[in-house]
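Accompanying notes for the structure given below.
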Amino acid sequence: SQKIEQNSEALNIQEGKTATLTCNYTNYSPAYLQWYRQDPGRGPVFLLLIRENEKEKRKERLKVTFDTTLKQSLFHITASQPADSATYLCALPNQAGTALIFGKGTTLSVSS
Amino acid sequence: DAGVIQSPRHEVTEMGQEVTLRCKPISGHDYLFWYRQTMMRGLELLIYFNNNVPIDDSGMPEDRFSAKMPNASFSTLKIQPSEPRDSAVYFCASSLGGGPNYGYTFGSGTRLTVV
């Protein structure tokens, strides 16, 4: 079955730096990949979707890459701010393509 | 739209009791999903519906779990009888279409504690 791996260790960076989070997957080739943000006590919030034929997608300070050869997506936040502190989840469609399967997420902490 | 609405926000119950979690999806969304989140296992898909019809319930852990969607604006997840290992945060999410064009909108979740 498909497996999604995100760095379980928290990422701590200083304000203004670029945060880079990694999502690796195995055992299948998804047609797309999504990234979500989750704050404590809240549900995940959809951020970005990238398709298999797109190498890169940008939205404001966010950038996502999708390397289908490496089976990896990178999620970048440029000019990070303390307000960016949260847990970030990547999600891929299940084998049937009908529902999302989520990674466990990486917690980002941005200090001022 | 008020978003996906879940109730209650918190539920504490004794082992063996019946628990019912409720969800109101976003109007017009045709897919509804129930997930469970724990520190150990992350977000797990339990069941999802398309146009009120259950499509895949393979993620439901045991027969003690059941879900219904009697109409487009309401769904329930029931656990009977509840056990301490059911303690988790249960999320409901809805989306417009099940394909890649749409992200999911999640509710704020129900934190269930079974003692």
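Chain identifiers are assigned alphabetically (A, B, ...) following the order of the sequence lines, protein sequences preceding nucleic acid strands; residue numbering begins at 1 within each chain.
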Heavy-atom distances under 4.5 Å only: say whether B:Phe91 touches chain A with side chain, backbone, both or neither. side chain
Is it the backbone or the side chain of A:Pro44 that comes under 4.5 Å from a heavy atom of chain B, or both, or neither? both
Would you call A:Lys71 and A:Glu5 a salt bridge, using N to O less than 4.0 angstrom? no
May I ask you to decide whether B:Glu11 forms a salt bridge with B:Arg111, counting only side-chain N to carboxylate O separations under 4.0 Å? no
Salt bridge flag under 4.0 Å for residues B:Asp86 and B:Arg64: yes
Considering only NZ, NE, NH1 and NH2 on the basic side and carboxylate oxygens on the acidic side, decide whether A:Glu56 and A:Arg58 come within less than 4.0 Å. yes
Measure distances from B:Gln37 to the heavy atoms of chain A and classify the residue's part below 4.5 Å as side chain, backbone, both or neither. side chain
Side chain, backbone, both or neither: which part of A:Leu100 has a heavy atom under 4.5 Å from chain B? both
